[in-house]
Amino acid sequence: MNIALWIITAVLALGFTAGGLALLALPRDRYRALGANQHWVDDFGDAHLKAIGAIKVTGGLGLILPAVTGVATVLSPLAACGLALFMSGAATTRFRRDEWGYMAGDIVFIAALAFVAWGRIALAPYGA
């Protein structure tokens, strides 16, 4: 179980960090052009997009850095909980925009993040 949790955590951390960095670095039009699933940016202002990017980067790093460094490892499952709540907001945006297929992807992220949080709190805590 520990190996599966590490793999899922690493993939989520990489994805959220890369996505957040792209949102911070790219202008709105360029980010929107990445794909049809990125048209949600039309619903938010530039400052909101930068905040969303910062949350994604912080959460992605929070998933992996405490575990890798061995410092404050309790923060890793808390980051997973925070990102699951963040993704519920993303799913709400998809719901408002009638983007049901993309919302299903957000729900998969929520489930994976909840699994990581549960796994690191109850099943295989770091250092156990």
Side-chain angles (χ1 to χ4, degrees):
M1 183 59 65
N2 189 42
I3 293 172
L5 285 167
W6 269 109
I7 292 169
I8 295 167
T9 302
V11 168
L12 288 169
L14 180 66
F16 276 100
T17 303
L21 289 173
L23 197 52
L24 289 171
L26 296 176
R28 172 192 301 272
D29 295 336
R30 185 97 185 268
Y31 188 82
R32 188 182 192 283
L34 291 175
N37 62 334
Q38 302 306 331
H39 291 187
W40 60 268
V41 298
D42 297 337
D43 292 356
F44 297 93
D46 290 337
H48 286 114
L49 294 178
K50 297 304 177 194
I52 290 168
I55 291 168
K56 290 173 85 169
V57 170
T58 304
L61 293 176
L63 283 174
I64 202 82
L65 285 181
V68 170
T69 62
V71 177
T73 56
V74 70
L75 294 178
S76 184
L78 291 178
C81 290
L83 283 173
L85 291 171
F86 173 79
M87 289 307 295
S88 68
T92 302
T93 299
R94 302 289 192 188
F95 179 81
R96 284 187 300 111
R97 293 177 56 86
D98 291 327
E99 296 177 343
W100 305 106
Y102 299 135
M103 188 175 85
D106 294 338
I107 292 170
V108 170
F109 275 109
I110 293 168
L113 289 160
F115 176 72
V116 167
W118 174 61
R120 288 305 179 191
I121 291 170
L123 297 178
Y126 293 116

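- Under the 4.5 Å side-chain heavy-atom criterion for Ile, Leu, Val, Met, Phe, Trp and Tyr, L113 and V57 are members of distinct hydrophobic clusters.
- Panel note: side chain R28, backbone V41; a donor-acceptor pair is recorded below 3.5 Å.
- In this view, A67 and W6, Y126 satisfy the side chain to side chain contact (heavy atoms under 4.5 Å, CB included) rule, not counting sequence neighbours.
- The two residues A10 and I64 make their nearest non-hydrogen contact at CA-CD1, 4.1 Å.
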Taking distance alone, no hydrogens or angles, what donor-acceptor pairs closer than 3.5 Å link side-chain atoms of residues 100-112 to residues at least two apart or in another chain?
residue : atom : partner : partner atom : Å
D106    : OD2  : R94     : NE           : 3.4

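- Annotation: the span from N2 atom CG to I7 atom CD1 amounts to 10.0 Å, rounded to 0.5 Å.
- Here L75 pairs with P66, A72, L78 under the side chain to side chain contact (heavy atoms under 4.5 Å, CB included) rule; sequence neighbours left out.
- One finds the CG atom of L65 at 13.0 Å from the OG1 atom of T73 (value rounded to the nearest 0.5 Å).
- Both V116 and M1 are part of a single hydrophobic cluster, where members link through side-chain heavy atoms under 4.5 Å apart.
- More than 12 heavy atoms of other shown residues, nucleotides or ligands fall within 6.0 angstrom of atom CZ in R97.
- If you chain together hydrophobic residues whose side chains sit under 4.5 Å apart, I121 and L5 never meet in one group.
- In this structure, NZ on K56 lies 13.0 Å from CG on L61, to the nearest 0.5 angstrom.
- Summarising the geometry of G60 relative to L83, their closest heavy-atom pair is N-CD1, 4.0 Å, with the distance given to 0.1 Å.
- Atom CZ of R120 is separated from atom CG of L63 by 11.0 Å, given to the nearest 0.5 angstrom.
- For the side-chain hydrogen bond (donor to acceptor under 3.5 Å, both in side chains) test, no residue two or more places apart in sequence or in another chain qualifies with N37.
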Name each donor-acceptor pair under 3.5 Å that joins a side chain in residues 11-20 to protein atoms two or more places apart or in another chain, with its distance.
residue : atom : partner : partner atom : Å
T17     : OG1  : A13     : O            : 2.8

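- Within the structure, every pair that satisfies the ring-ring contact (aromatic ring centres under 6.0 Å, His included) test and touches residues 17-40, not counting sequence neighbours, is listed here: W40-F44.
- The minimum heavy-atom distance between A117 and P77, with the atom names listed, is CB-O, 3.7 Å.
- To the nearest 0.5 Å, atoms CG (D43) and NE2 (H48) are separated by 11.5 Å.
- Closest non-hydrogen pair, K50 versus L23, comes out as NZ-O, 3.5 Å.
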